[in-house]
Every structure is written in C-alpha cells, then in structure tokens.
Amino acid sequence: MREHLKSFVPQLWEQQKKAMEEAALREAREAREAREARERHERDRVELMRKKDIHEHSANASTQVKQKLQEFIKKKQANANGTVTTASYRNWGIVKSSSGESITSTGATATHPYRLTAPLPLNLNAPPPQPSPADYPLRKTASEPNMLKQRLKARVIERRASPLARRPLRTRHKHRNCEGGSPRGSPPGGCAAAPIREEEENGSRAAEFLFSSPSLPNISLGRPHVGPRLHPPPAAHTPAPVVLPPVSEAEALVVGGAGGRPVQRLGRTHSAPLPLGDPALQPPPVHHYLRDQIRKTVLTRAHDAAVQLREEEGEVIDLTSKRNDPPAPVEPAPLTRALSSPLVGARVPATGLAYDPLMLKHGCACGQHAPTHPEHGGRLQSVWARLCETGLAARTERTRPRKATLDELQSVHTEAHVQVFAGRGRDGAGVGAGGGAGGAVRQLVRLACGGLGVDSDTAWSDLHTAPAARLAAGALLDLALRTARGHLRNGFAVVRPPGHHAEPNQAMGFCFFNNVAIAARVLHTRLGLQRILIVDWDVHHGNGTQQIFYEDPHVLYMSIHRHDDGNFFPGTGAATECGAGPGLGYNVNVPWSCGTDPPLGDAEYLAAFRSVIMPIAKEYDPEIVLVSCGFDAAAGHPAPLGGYSVSAACFAHMTRDLMQLANGKVVMSLEGGYDLAAMCDCAQEVVRALLGDRPPAPPYAELCRAPHPRAQHALAATIAVQAQHWPTIKRYSSLVGMSALEAAPSVAAARLGALQSERDAADTAAAMATLSMHQHNRPVSTSAESSRSVSEEPMEQDEAK
C-alpha cells in the first residue's frame, strides 16, 4: 500500500502541473485573440473613416441641423460663383479642423484669410427686410438634452472634420484671434472672429467661450448687444495689439466701403443652451454618476412599492352618494419604511442595569476595608466585574444614574435630615434638627479606626459620602420610573450606600437615604401608582422602610429577616408589627428566631415564599415590585453579619416567583452582602433570572429537607396574625411543614384551584346574566290567564291519574 501511494503521488502531481500549464496556455491564447480582435476592429474603423464619402454627414445631427447645413453649403457655393443672395447674410464665424487650426474658406477677401466676402447690397436705401423664420439660427430649447451638443462636439473634434474642411486648402497661417468678438449680424471680413464670449446682462463679458463647431455655424446667442471692441490681428513687429476706437453697429455693417443691410439681431431666451465649453456642461465625475444612479434606483423601488401597496389595499368610493359634505381633514400620513431601511419591529423592553463608579469613592477616611469596614467600595466593584465577565452586563440596558434632587429626598426624609446628609450641613456637636433647617448640624463620632462616622458602623466622608448617597437614590429612582412606564422590563441597581435602615430623620446601619422608600413614594406621587409591593429579603430587618410606610395603604411592605426575638440588629420586625391606621395589614414580617445552629437555608426561605409571601402578594396584585435585595443571608457570612446559608439558586428562584407579579415589573436595589464571592454569585444568578434565563436548581438536600421546627413556628405565627387581613393565606398553612418537593403538588393544585374558582365565578356570573335576560324578555301574562293556568293544573293531573 505504501509503495502504491509513493507511485501515485508523483502521477497526481504531474497531472496537476500539466492541467495548470494547459490553463495558462489557454488564457494566453484567449488574451492574444482578444488583442488581435481589438486591433482588427481599430483598423477597420480607420479604413471606414478614410473611405467615407465626402458628402456624408460627420455627426448624427437632427433633421433641422442637416437642413441648416445644406443651406449654408448652397450659400457658400453661390457666393463662390458670384451670385448674390437676397437673404440677409449672417456671420458664420470661423471654421476649424479637428486639430484646432483655422481653415481658409473659399471666396475670402484679402482683408482676412479666414473671412467670407460680404455680398454687396442691391439697394442701400431699401428698408431692412423683415426677418423670416428661416433667418433665425438653430437654437436648442431647454427641453432637449445638452448631451447632444456635447456628443456632437466630441465626435467632431476627436474623429473627423466636416465636409467643408476637406476642401483643398490654399494657405495656412498661424493666426491669433481677436480678443473681442464681432457684433452679431455683422458681415464677414471684419476683425477675425474669435470664439464668441457670452456677454453678461449688465454689459460685462463672461469668461466662458462659445467654441465653434466645424459642422455648425458659429451662432451668436442673441444676448443684449454691447458695442463691440474690434482688435486687428497683431503684426509680426507689434508686440501688443492696438486697441481701435469702438465702432457703432451701423458702421460695422459696412466693410471696405461697402454698405450692408442691417440684420435682425436675435434675442437670447431662457431656453437657449449654455455655451460649449461651460464647466456646467462637462460630464460629472464617475462617483457622482454612480451616486445619482443609486439614488434614482432606490427612489424608483420605493415608489413602486408604495404604488403596489396602495393597489393591493384599494379604496372603496361611494359614487351613489350625492351629498356635498365638506371633506374630512386629512391627517398627515406616517412615515413609511423605505426599501433601504432596516426592518424595525416592536422592541421588547430590556432589563435595566444602573451603576456608577462615583459610588466607589464613599468610605472611611482611614482607607481600611473588611473586617474593619464591611461595607466598602470593593463590594460594588466585584459585583460589576462579575456581571461584565459573564456577559450579563452586555445583555442589559445600562442606565445613566443621576443624583436625586432635594425634593425627592424630602419625600420620605425630613428637611433637616436632607440638609445634613445631602452636603449642606455643618460638622460639630451643636443643636440638632430642632434648631431649624438653617441650624442643622451633622452629629459625627470618632471611630476606632480614627475616621469619622454617624455611628460606630456608618463611616462618613466629607467629600464623597453625600454625592454617593444621592447618586444611589437617584439611580434606583430612574430605574423604577422607566420600568413603571414600560420603557424597561425590569431592573437591577448596583448601588451603595444601602438604604433600608435609613429612617426619616436618622442615618444608621451603613444607610443615609432610604433608596427603595424614595422610589416607592415618587412612583405613587408622580405616576399615581396605588399598589406598590416592597419585598425585603436582606438578613437584617428594614426598620427604615417599615417606619416610613407603616400607615400607608398604598405600599405593602414584606420582610424576611433574622430577628432572634429582637436580639439581632436592628431589633425590629416582629410578626405582630403589621401596620397602623389606614396601613393596618400592609406590613408583613417573617422573623426568624432560630439562631445559627443550624443555620437556616433554602428550605426555610422557599417555605416562607410559598406559604406567606406569594399568597399575600397575589391577592394584593401590585402594579410594581421593589426588592431590597440584600445578599447577607447567603452562605459565607459570619454570624454577626448574617450566619445563614441561602444559596444563589434560591435567590434566583425567589426572583422568578416575584416576576409572576405586576407583569414582570420587578426592580431590585442592592442592600447588604459582605462576602464578595457569595455576593457576586447571588447577583449573577439574580440578573440571569431577570433576563429570563432558567435558574439553576437549589441543592437537592435543601429541596428534600423540611423547614426547621422553629422556622415552622415563625411561619405559623405570621399566618395567624395576617389571616384577618389576608384570608387567602389560610389555605396555605398546611404547606408550612412540608419540604419543597412535597409541597410542589399542593402548590400546583392550589394554583389550579384558584384558576378553577376564577372560571366558576365567571361561569356563575354569565349564568346569572343569562337568567336575568330570559326573565326580562318573558311576556307578562294577565291575571286571568295566570289564574286559569294555575287552576287547570290539578284537573289535568287528576285526569292523568
């Protein structure tokens, strides 16, 4: 086999080499044949031009051009034979050959070798004859294309001269034409006719020349006449031409003492063409021609498509109507898509992502990070880097954050609080908020690290904290407004400092302004939303958000947090705290009091969602969902900062459940989360869920595990408190002690039951409506007929028996 391959490869190489040589020879032969064909064609063309009959026309002229040319030839022949024509004589100018040299015309006098002898007038006292239509030289109207004149000029100059130019030449003299042209209608024999310059309407001469054509007379354009300036041809010993005094038009008609009859001067009309040689008549560059052709093609296709669309749609016109109603106002038609424009359909709202590196600058003046300051700029930097590395940031629509205005901040905070922490307060230990807005003083303490802070945990920077806090509030607010208006499908705000601990007049827990509360209040006041849901799954209770909306019926606040009977920061959020006044029942707390041994995880959070959060939220039917999205309940946080072990997949599933509400309008704001690895994992899965990706499944052990007994007790307590405000929650009380796998059929059945109940209610309403319609349409019988029917019924029964 190897020897066969060795013998086969050289043969294959020889075959390929031979094929390549044959192809090269074939191409060379084809090129040689093409070159010979071109040379043969050129020889034939030259021979044909040489043998062409002298009486044939040298250009493809029109019928009028041929007629004028024949008249010109007849007049030339008559003049040569001594015959005097009665028609008025025109100045035909100079005839040039294809090389540009002047050709001596037959019958020229000694005055100038290139001029024709002017005929003597028969009667000097005779009145000037009336011009006839034949006296007017050939003019081309504006409706005829100027390209004809260009083609005539190009063919005449480049190929051959006219039949007049082929006459035997006598003597050729190199002669320079006069600068000024002869007056219109003047006979030949005067000054040498130069290419006629166009005269401006104000009497000045234009710079463009009217170049003569050997096949056509040199026709003046009939512009308003200005006295000509005649210049004799310069002699050999004269260095410069001598300018003669101006000659009147009457004097110009007589040459060498011979008078002539005045000729009717032609007036130039607007339809007269531009002179030959004008730059406007030059062919446009190639790229301009291609651009015009492409534009013409596109417009033609667009017009044809529009016409076809109108023909397909058609219109029905009522010709029988004889009313003379005034025509209805025609609204301007919307812009239609051109054939060259891309197909633009209805854009699906994207997921918004808010982030600004300015928020990274907020921090303690000592410059230290964890564990001294758990809340630092590296948190945001890590989350943003993860979103960019995984390509999730590129799939979202990044918004441009702005600083919240003072009025927006004061929608939930006091004026003194805003002035102190929005950058207008004074440092010191003076009066508090009670001193008035002008006397607000920022109360700061010295931290153990040497920096300044609002409390022992919340650091303050004079330069960067206030701008970062306002930027965090404004970024979330814009994201929520755009989502509520439908410009975005949902959104995630990567912001710091957090906000759910900030109270109306107090900054605490790393928070200065309550970002979620500001967004909810502005959504209600500016857009008029009446049902706003806030879900807070940060491991710490959102005491500030609860306090702001504790009596507000337009905002439902629901929190899942570690409580430990009030011994975990901030100590608020018991199950019995369910609102007050008009907001009674619009505050729902799920407090965990189980400690951290064992740490709570996915089983407890999934049980809270299926038995408390989602049933109440579905009954509430919110218009938008805001989430205080803290990840400090995730695994990896020490006990003082969280101590739980919720997985990133669990956060993704809770996000997907919330997206079933409010048509998917879910806006999340980053709150807590201090373990960088766990925080980045959770943010990644939550953004995936917002984008519509299928979330990963939680650990199987957590799906099979029932909630901790103390967690079941906390859920049962919450259900008992909220049942009087949300009766639907009672149906889900049996799911508290089940695992996620055990509760899945029950949750599905509950969903089907809700759908069935909705269908039953709809069917009942339809049946009642139908019954009411039958009773309304039944004819009303008289009392006699009704009594007779009632009395006849027993008799009929008796007869039947």
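Since the model is a prediction, treat every value here as computed from it, not as a measurement.
No side-chain heavy atom of Arg731 sits under 4.5 Å from any side-chain heavy atom of Pro615. When side chains are defined from C-beta on, Thr458 does not count as touching Cys511, because their heavy atoms never get closer than 4.5 Å. Here the side chains of Ile719 and Val736 are in contact, with some heavy-atom distance below 4.5 Å. A 4.5 Å side-chain heavy-atom check between Leu670 and Leu380 finds at least one atom pair inside the cut-off. Inter-residue side-chain proximity for Cys629 and Glu671 is flagged as unmet; no heavy-atom pair is nearer than 4.5 Å. Using a 4.5 Å cut-off on side-chain heavy atoms (C-beta onward), Pro498 and Glu375 make contact. Between Asn587 and Phe549 there is no side-chain heavy-atom pair separated by less than 4.5 Å. Within the 4.5 Å cutoff, the side chain of Ser411 has heavy atoms near those of the Val522 side chain.
Between Leu406 atom CG and Gln419 atom CD the span is 8.0 Å, to the nearest 0.5 Å. Between the CD atom of Glu742 and the CG atom of Leu735 there is a distance of 10.5 Å, given to the nearest 0.5 Å. In this structure, CE in Met508 is found 10.0 Å from OG in Ser456, a value given to the nearest 0.5 Å. Considering CG of Leu477 and CG of Leu523, their distance stands at 7.0 Å, rounded to 0.5 Å. We find the OG-CE distance between Ser611 and Met738 to be 11.0 Å, quoted to the nearest 0.5 Å. In this structure, Phe510 CZ and Arg379 CZ are separated by 8.5 Å, a value rounded to the nearest 0.5 Å.
Here the closest heavy-atom approach between residue Ala603 and residue Arg705 is recorded as CB-NH2, 3.3 Å. The two residues Asp675 and His637 come nearest to each other via the heavy atoms N-NE2, 3.1 Å. Here the shortest heavy-atom pairing between Cys682 and Ala634 reads SG-CB, 3.7 Å. The minimum heavy-atom distance between Asp602 and Ser645, with the atom names listed, is OD1-O, 4.2 Å. Nearest heavy-atom pair, Leu392 versus Gln684, reported as atom, atom and distance to 0.1 Å: CD1-O, 3.5 Å. Nearest heavy atoms, Asp455 versus Ala507: OD2-O, 4.2 Å.
Using a 4.0 Å cut-off between charged side-chain N and carboxylate O, Arg710 and Glu604 make no salt bridge. Under 4.0 Å is where a charged nitrogen must lie from a carboxylate oxygen, and between Glu623 and Lys665 no such pair does. Under the 4.0 Å criterion applied to side-chain N and carboxylate O atoms, Asp657 and Arg610 are not assigned as salt-bridge partners.
In this structure, the salt bridge (Lys or Arg N to Asp or Glu O under 4.0 Å) partners of Arg526, at least two apart in sequence or on a different chain, are Glu408. Looking at residues two or more places apart in sequence or on another chain, you find a ring-ring contact (aromatic ring centres under 6.0 Å, His included) between His376 and His369. Contacts of Ser734 classified as side chain to side chain donor-acceptor pair (under 3.5 Å), with partners at least two apart in sequence or in another chain: none. A search for side chain to side chain donor-acceptor pair (under 3.5 Å) contacts involving Glu397 returns Arg482, not counting sequence neighbours. Under the ring-ring contact (aromatic ring centres under 6.0 Å, His included) criterion, Phe569 pairs with His501, not counting sequence neighbours. In this structure, the side chain to side chain donor-acceptor pair (under 3.5 Å) partners of Asp632, at least two apart in sequence or on a different chain, are His540. Listed by chain and number, the residues in a ring-ring contact (aromatic ring centres under 6.0 Å, His included) with Phe513 are His413, His417 (sequence neighbours excluded). Under the ring-ring contact (aromatic ring centres under 6.0 Å, His included) criterion, His524 pairs with His554, sequence neighbours left out. Take Asp565 and apply the side chain to side chain donor-acceptor pair (under 3.5 Å) test, not counting sequence neighbours, and it matches Ser593.
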Please evaluate residues Phe609 and Ile560 with respect to the criterion side chain to side chain contact (heavy atoms under 4.5 Å, CB included), reporting the C-alpha separation (whole Å), side-chain torsions for both, the decisive distance (0.1 Å), and the verdict.
CA-CA 9 Å; Phe609 252 71; Ile560 308 175; 3.8 Å; yes
Might you work through the side chain to side chain contact (heavy atoms under 4.5 Å, CB included) test for Ile548 and Tyr550, ending with a clear yes or no?
CA-CA 6 Å; Ile548 293 171; Tyr550 202 67; over 6 Å; no
Full working for side chain to side chain contact (heavy atoms under 4.5 Å, CB included) between Val612 and Val588
CA-CA 9 Å; Val612 177; Val588 179; 4.1 Å; yes
Give the C-alpha distance, both sets of side-chain angles, the deciding distance and a yes or no for ring-ring contact (aromatic ring centres under 6.0 Å, His included) between Trp592 and Phe568.
CA-CA 10 Å; Trp592 304 124; Phe568 190 75; over 10 Å; no
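Counting only distance, with no hydrogens or angles, the side chain of Asp621 and the backbone of Lys618 share no donor-acceptor pair below 3.5 Å. A donor-acceptor pair is defined here as one N or O able to donate and one able to accept, closer than 3.5 Å; no such pair exists between the side chain of Gln443 and the backbone of Val454. Under a 3.5 Å cut-off, the side chain of Thr718 and the backbone N or O of Ala714 do form a donor-acceptor pair. Using modelled atom types, one side-chain atom of Glu577 and one backbone atom of Gly573 make a donor-acceptor pair closer than 3.5 Å. Using modelled atom types, one side-chain atom of Thr390 and one backbone atom of Arg386 make a donor-acceptor pair closer than 3.5 Å. Checking side-chain atoms of Arg402 against main-chain N and O of Leu471 turns up no donor-acceptor pair under 3.5 Å. At distances below 3.5 Å, not a single donor-acceptor pair connects side-chain atoms of Trp460 with backbone N or O atoms of Val445. The main-chain N or O of Gly672 is found under 3.5 Å from a side-chain atom of Asp538 such that the two form a donor-acceptor pair. In terms of modelled atom types and a separation under 3.5 Å, the side chain of Arg521 and the main chain of Val412 share no donor-acceptor contact.
Residue Asp693 qualifies as enclosed at atom CG: its count of foreign heavy atoms under 6.0 Å is above 12.
Between Phe631 and Trp537, the ring centre distance reaches or exceeds 6.0 Å.
Donor-acceptor pairing under 3.5 Å is recorded for the side chains of Asp536 and Tyr557.
Every pair passing side chain to side chain donor-acceptor pair (under 3.5 Å) that includes a residue from residues 349-364 is listed here, sequence neighbours excluded: Thr351-Arg489, Thr351-Asn490, His362-Thr465. Pairs engaging residues 693-723 under the ring-ring contact (aromatic ring centres under 6.0 Å, His included) rule: none recorded [sequence neighbours left out]. Pairs passing the side chain to side chain donor-acceptor pair (under 3.5 Å) check and including a residue from residues 506-515, sequence neighbours excluded, read Asn514-Thr545.
Considering His563, Gln546, Gln722 as possible partners of Asn589, the one that fulfils the side chain to side chain contact (heavy atoms under 4.5 Å, CB included) test is Gln546.
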